[in-house]
Amino acid sequence: QVQLVESGGGLVQPGGSLRLSCAASGTIFSIYNMGWYRQAPGKQRELVATITSGGSTNYAISVKARFTISRDNAKNTVYLQMNSLKPEDTAVYYCKVVHARGSSWGQGTQVTVSS
């Protein structure tokens, strides 16, 4: 089994920054894509950003140029650097890892952008 532990969420003012981390542990054979998704109250979960094992990235249009996804393969960890945060970025953020045995989701971390 693969377990994901997320950290880094919190309350931040508009225009501020946060960095999310998601570390995978357990029985890991190979990790392929890693990504971040978010779900705001009353809305469906949506893709924020993904990164392949080779480092290719993909972003939602709403976060492009503000968020940066990266990964440390040696640590089985994916990061999301979020800058210029807006109130509409408020959501629970989930990481997802695609690995040799399927996919796993983190428990979610709350990000609240408010003055």
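Residue pairs satisfying the disulfide (SG to SG under 2.5 Å) criterion with at least one member in residues 46-84, sequence neighbours excluded, are absent. Applying the disulfide (SG to SG under 2.5 Å) rule to pairs touching residues 43-93 yields nothing, sequence neighbours excluded. Each disulfide (SG to SG under 2.5 Å) pair with one or both residues in residues 66-115, not counting sequence neighbours, appears once here: C22-C95. Sorted by first then second residue, the ring-ring contact (aromatic ring centres under 6.0 Å, His included) pairs that include residues 41-83, not counting sequence neighbours, number zero. Within the structure, no pair that satisfies the disulfide (SG to SG under 2.5 Å) test touches residues 25-73, not counting sequence neighbours. Evaluation of the ring-ring contact (aromatic ring centres under 6.0 Å, His included) test over residues 37-56, restricted to residues two or more places apart or in two chains, returns Y37-W105.
Listed by chain and number, the residues in a salt bridge (charged side-chain N to carboxylate O under 4.0 Å, His left out) with R45 amount to none (sequence neighbours excluded). Under the rule for a side chain to side chain donor-acceptor pair (under 3.5 Å), the partners of Q110 that lie at least two apart in sequence or sit in another chain are T112. With sequence neighbours excluded, the residues that form a side-chain contact (heavy atoms from CB on, under 4.5 Å) with S56 are T52. Qualifying side chain to side chain donor-acceptor pair (under 3.5 Å) partners for S17, counting only residues two or more places apart in sequence or in other chains: N83.
Scanning all heavy atoms of the two residues, the minimum distance from V111 to M82 falls at CG2-CE, 3.9 Å. Nearest heavy-atom pair, R38 versus D89, reported as atom, atom and distance to 0.1 Å: NH1-OD1, 3.0 Å. Here the closest non-hydrogen pair linking E6 and G106 is OE2-CA, 3.1 Å. The minimum heavy-atom distance linking Q3 with G26 is given by the pair OE1-CA, 3.6 Å. The heavy-atom pair separating V2 from A24 by the smallest distance is CG1-CB, 4.2 Å. Residues T90 and A40 approach most closely at O-CB, 3.7 Å, considering heavy atoms.
Atom OG1 of T57 is separated from atom CZ of R71 by 11.5 Å, given to the nearest 0.5 angstrom. Of the inter-residue distances, the one linking S62 atom OG with L47 atom CG reads 9.5 Å to the nearest 0.5 angstrom. Separating the CG atom in N76 from the NE2 atom in H99 is a distance of 11.0 Å, to the nearest 0.5 Å.
When the side chains of ILVMFWY residues are joined at heavy-atom separations under 4.5 Å, either directly or via intervening members, I31 and L4 end up in a single hydrophobic cluster. L80 and Y94 end up in different hydrophobic clusters when Ile, Leu, Val, Met, Phe, Trp and Tyr side chains are linked at under 4.5 Å.
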Exercise. Going through the checks in order, is the side-chain contact (heavy atoms from CB on, under 4.5 Å) test met by M34 and I69?
Worked result: CA-CA 9 Å; M34 305 179 86; I69 189 171; 5.7 Å; no
Problem set entry | Step-by-step side-chain contact (heavy atoms from CB on, under 4.5 Å) determination, K96 to S103 | CA-CA 7 Å; K96 178 183 178 181; S103 62; 3.9 Å; yes
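A distance-only check finds no donor-acceptor pair linking the side chain of S115 to the backbone of Q13 [under 3.5 Å].
By the 4.5 Å side-chain criterion applied to Ile, Leu, Val, Met, Phe, Trp and Tyr, V98 is assigned to a cluster that also includes Y32. As a member of the Ile/Leu/Val/Met/Phe/Trp/Tyr network built from side-chain separations under 4.5 Å, L11 groups with nothing else and remains a singleton.
With respect to T109, the side-chain contact (heavy atoms from CB on, under 4.5 Å) criterion is satisfied by exactly one of L20, V5, L18: L20.
Summarising the local packing, CD of Q1 is surrounded by 12 or fewer heavy atoms from other residues, nucleotides or ligands at distances under 6.0 Å.
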